[in-house]
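Encoded as structure tokens, the structure appears first; notes follow it.
Every heavy atom of this structure was used, including side-chain atoms; hydrogens, water molecules and symmetry mates were not. Just so it is clear: chains get the letters A, B, ... in the order the sequence lines come, proteins before strands, and each one is counted from 1.
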2 protein chains.
Amino acid sequence: MAQIAAEAGVSATTVSHALSGKRPVNPETVARIQRIVQEHGFVPNSSGVRLRSGRTGVIGLAVPDIAHWYFGRIAKGVEEIANERDYGLVICGTMNADPRREKRYFNMLRTRAIDGLVYTTSRSMSDLDELVTVAQGSSIVFADEAVDRLPEVPSVTTTVREGARLVGEHLRELGHSRAVVIAGYAGLRSTTERVAAFREYFPTALTLFGDFEQQSGYELMGDLLANDVAFSCVFAHNDFMAIGAIRRLREAGIRVPEDVSVVGFDDVDVATIMSPALTTVRKDMVEIGRRSARTLFDVIEGEPGSARSSVLPVELVVRGTTAPRRD
Amino acid sequence: MAQIAAEAGVSATTVSHALSGKRPVNPETVARIQRIVQEHGFVPNSSGVRLRSGRTGVIGLAVPDIAHWYFGRIAKGVEEIANERDYGLVICGTMNADPRREKRYFNMLRTRAIDGLVYTTSRSMSDLDELVTVAQGSSIVFADEAVDRLPEVPSVTTTVREGARLVGEHLRELGHSRAVVIAGYAGLRSTTERVAAFREYFPTALTLFGDFEQQSGYELMGDLLANDVAFSCVFAHNDFMAIGAIRRLREAGIRVPEDVSVVGFDDVDVATIMSPALTTVRKDMVEIGRRSARTLFDVIEGEPGSARSSVLPVELVVRGTTAPRRD
DNA sequence: CGCGGTATGCAACACGATTTGCACAACCGT
DNA sequence: ACGGTTGTGCAAATCGTGTTGCATACCGCG
């Protein structure tokens, strides 16, 4: 900026005022400055602005794996809102819960490299204690999954309990009486809630815990078959595990949905293009991202205490992998 | 930091030296300072460091849609390397080529909010001129798709020409003689190259241009069928369009691969789980991301001119959607 | 005892933009 | 003509860190 000022024959102060308009400047001077700024393609150095203002104009998003369908959608929603508010978005991968990585974005918060963080966890966190420490005095929002030990931190979740009930009801209406559950991480609240809600309809349903990956659904289904477990329907806690389970069932010569009905969760893109299309519970991941970002901005910019947790609805989508029970 | 210094009874300078070790400090003093730092959980404010050092420790990644499988993989690779080098990664969505959005991350470069940019384009860029301007004097690497007008900018691409040849060869070996191509954006170099290379094997192949989305493959296949075009094999420029085309074929009662063989490109996850599994050309998107990031760091930190464009190999993966021609 | 070298620490400055306090001029109203 | 207001601009301070020049004290050696 000094260069602009020198060239215009005024002080840097005047240049700043001319551009911001916070104090009256001679219109003629303004015009001259603007011309020079235009010529040089001058833009204020962000580091200077940041230091002065104390704000970074950047928020962070912590996700286990940005390449994953699930977290990609969340990221998209967050990015959308961040962009709308003229904020930058830094992505922090937490793959494998590498403690060094986790430390990195906690430090970003502490060093004020970002103004706030949308935190997404898919397994029970390893460094929960540190998160607790950092959470005080920093702007954090939990997306998709709340953390029990930090109830005062705003979160954006979905009505997974209701979703599980819809699944139970749907399968009951189809006449099924013996169900198995291929559940998510045992430590997650959303897993516990879904297991409990589903039990309202199938109190004795056998429940196995997986890791949300296709392979896991495949293997757990293998275990069920190997042990001659009797069931006519499966509730998988996400679509990938449902797909893996279906693959395993087919390999065993069991038809879906004729012999066994399968229900997934999340409604991934693939659910519609596979055949038969997957019956599942739709979660609007992009909206979770959007809402999380908005909530974070409430924390950062809004009145203290104005940020509130929210719970988004889910929706049962009946497609081709569920059918009436037949003996 | 001033607070730490005051508490330790020394100047801020000493604290800085004690922590960085760039000048000898009394070990006793160091110990005292470290204890206080530990207590307060002090971390240097990043804005100060940035202003002082002139570096941001952040690189940018511009992608059309972070939620898309394709770009998510690239992002993952970039994030991996950025993290390895202790850099942050900001994501810039360029969805719909919204000019305001594009301006935003060009400005991030200009304002030195980021040290460099990995730029991914999936369509012919709207604001190419601006990119040309910004590219001078900034650190940019093109990922996945080079830009003809900027040959001096390093890029990381794949041997798509070779990939198309492998497809042509494979289909020829199966005895096919009439092919159609469902191509990508007409303006992309990778599209042109693949069309040309495939023509070496099927010189008269009818070529239709799509937008890389499933719907586009579906619709273009519909056009082909409606016009009674005769063909026994299809080369789609990505897997999503291939999947759309297969869906449309099935709806018309045409079997894949018995009646028509279909080959895709990219090798998306779904390709293996659909049935029959999709014959395709594998591109290692994560590696493209990794390599792009490494190349960018060569530009930023390496010897001037040390950054070189690279071309990664592709690989034909024969699965179930291709079969010998039968009359 | 004096000299040079080393250990140790402080004050001052730089990075770049913005804001505040102050000064000078022109102009208006009484 | 004089006090007050408004327009216009500059110098200086601020944000937080890292570095450099300088000063002091201490030690070893001749």
Side-chain angles (χ1 to χ4, degrees), chain A residues 1-38 40-58 86 88 107-115 137-138, chain B residues 1-37 40-58 86 88 107-115 137-138 300:
Chain A
M1 191 159 91
Q3 186 173 352
I4 304 287
E7 192 148 343
V10 296
S11 78
T13 312
T14 310
V15 174
S16 175
H17 285 148
L19 297 179
S20 71
K22 295 212 169 179
R23 280 241 288 244
V25 177
N26 190 326
E28 188 188 331
T29 313
V30 171
R32 183 158 34 102
I33 289 174
Q34 278 181 340
R35 189 179 48 76
I36 298 176
V37 163
Q38 199 75 19
H40 285 247
F42 165 82
V43 280
N45 180 304
S46 74
S47 299
V49 178
R50 283 176 63 149
L51 177 57
R52 170 73 203 185
S53 69
R55 302 189 147 205
T56 66
V58 177
D86 261 314
N107 270 343
M108 297 187 101
L109 266 178
R110 278 204 288 248
T111 62
R112 305 286 165 217
I114 53 179
D115 291 336
S138 288
Chain B
M1 191 159 90
Q3 184 172 352
I4 305 288
E7 192 147 344
V10 296
S11 78
T13 313
T14 309
V15 174
S16 175
H17 284 149
L19 296 179
S20 71
K22 295 214 170 180
R23 281 240 289 243
V25 177
N26 190 327
E28 187 190 333
T29 313
V30 172
R32 184 158 35 105
I33 290 174
Q34 278 181 340
R35 189 178 48 75
I36 298 177
V37 163
H40 285 248
F42 166 82
V43 279
N45 179 304
S46 74
S47 299
V49 178
R50 283 175 64 147
L51 177 58
R52 167 73 203 187
S53 68
R55 301 188 149 208
T56 66
V58 177
D86 262 313
N107 270 342
M108 297 186 99
L109 267 178
R110 278 204 288 249
T111 63
R112 305 287 165 216
I114 54 179
D115 291 335
S138 290
I300 296 174

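Once rounded to the nearest 0.5 Å, the distance linking CG of A:Asn45 with CZ of A:Arg50 reads 10.5 Å. Expressed to the nearest 0.5 Å, how far OG of B:Ser16 lies from CE of B:Met1 amounts to 5.0 Å. Rounded to the nearest 0.5 angstrom, A:His17 NE2 and A:Ile33 CD1 are separated by 11.0 Å. With rounding to the nearest 0.5 angstrom, the CG atom of B:Leu19 is 10.5 Å from the OG1 atom of B:Thr14. Between the OG atom in B:Ser46 and the CE atom in A:Met108 there is a gap of 8.0 Å [rounded to 0.5 Å]. Here the straight-line distance linking atom CD1 of B:Ile114 with atom CD1 of B:Ile300 works out to 9.0 Å at 0.5 Å rounding.
Along DNA chain C, the nucleotide nearest B:Val10 and the nucleotide nearest B:Arg52 are compared for position; the residue whose nucleotide lies closer to the 5' end is B:Val10. DNA chain C is contacted by both B:Ser53 and B:Val25; B:Val25 maps to the nucleotide lying nearer its 5′ end (nearest heavy atom per residue).
Atom CD of B:Gln3 is separated from atom C1' of D:dT17 by 16 Å (rounded to the nearest Å). Atom pair B:Leu51:CG and C:dA17:C1' shows a separation of 9 Å (rounding to whole Å applied). To the nearest angstrom, P of C:dA17 lies 12 Å from CZ of B:Arg112. Atom NE2 in A:His40 sits roughly 16 Å away from atom P in C:dG16 (whole-Å rounding). For A:Asn45 and C:dT18, the CG to C1' distance is 13 Å, given to the nearest whole Å. The separation between A:Asn26 atom CG and D:dG9 atom C1' is 10 Å, rounded to whole Å. In this structure, the CZ atom of A:Arg110 is 18 Å from the C1' atom of D:dG16, given to the nearest Å.
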## Note on the structure
Reading nucleotides 20-27 of chain C from 5' to 3' and marking B where a protein heavy atom lies under 4.0 Å of the base, S where only the sugar-phosphate is that close, and - otherwise, the string is BBB-----
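Using modelled atom types, no side-chain atom of A:Arg55 and backbone atom of A:Asp115 make a donor-acceptor pair closer than 3.5 Å.
Base engagement by A:Met1 is indicated by at least one non-hydrogen atom pair under 4.0 Å involving a base atom. The residue A:Thr14 sits close only to the backbone: its heavy atoms come under 4.0 Å of sugar-phosphate atoms, none of a base. Residue contacts shown for B:Thr29 are limited to sugar-phosphate atoms, with no base heavy atom under 4.0 Å away.
Closest contact between the side chain of A:Pro24 and the listed nucleotides C:dA17, D:dT8, C:dG9 involves D:dT8. Nearest to the side chain of B:Ser11, among C:dC10, C:dA17, D:dT17, sits C:dC10.
Note on residues 2-27 of chain A: no pairs pass salt bridge (charged side-chain N to carboxylate O under 4.0 Å, His left out), not counting sequence neighbours.
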Identify the pairs formed between an N or O of the protein and an N or O of nucleotides 24-29 of chain D at a distance under 3.5 Å, and give each distance.
none

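Contact annotation: B:Lys22 reaches the phosphate of D:dT19 (side-chain N/O to OP1 or OP2, under 4.0 Å).
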### Message
Would B:Arg32 and B:Arg35 count as a side chain to side chain contact (heavy atoms under 4.5 Å, CB included) here? Give the steps.
### Response
CA-CA 5 Å; B:Arg32 184 158 35 105; B:Arg35 189 178 48 75; 4.1 Å; yes
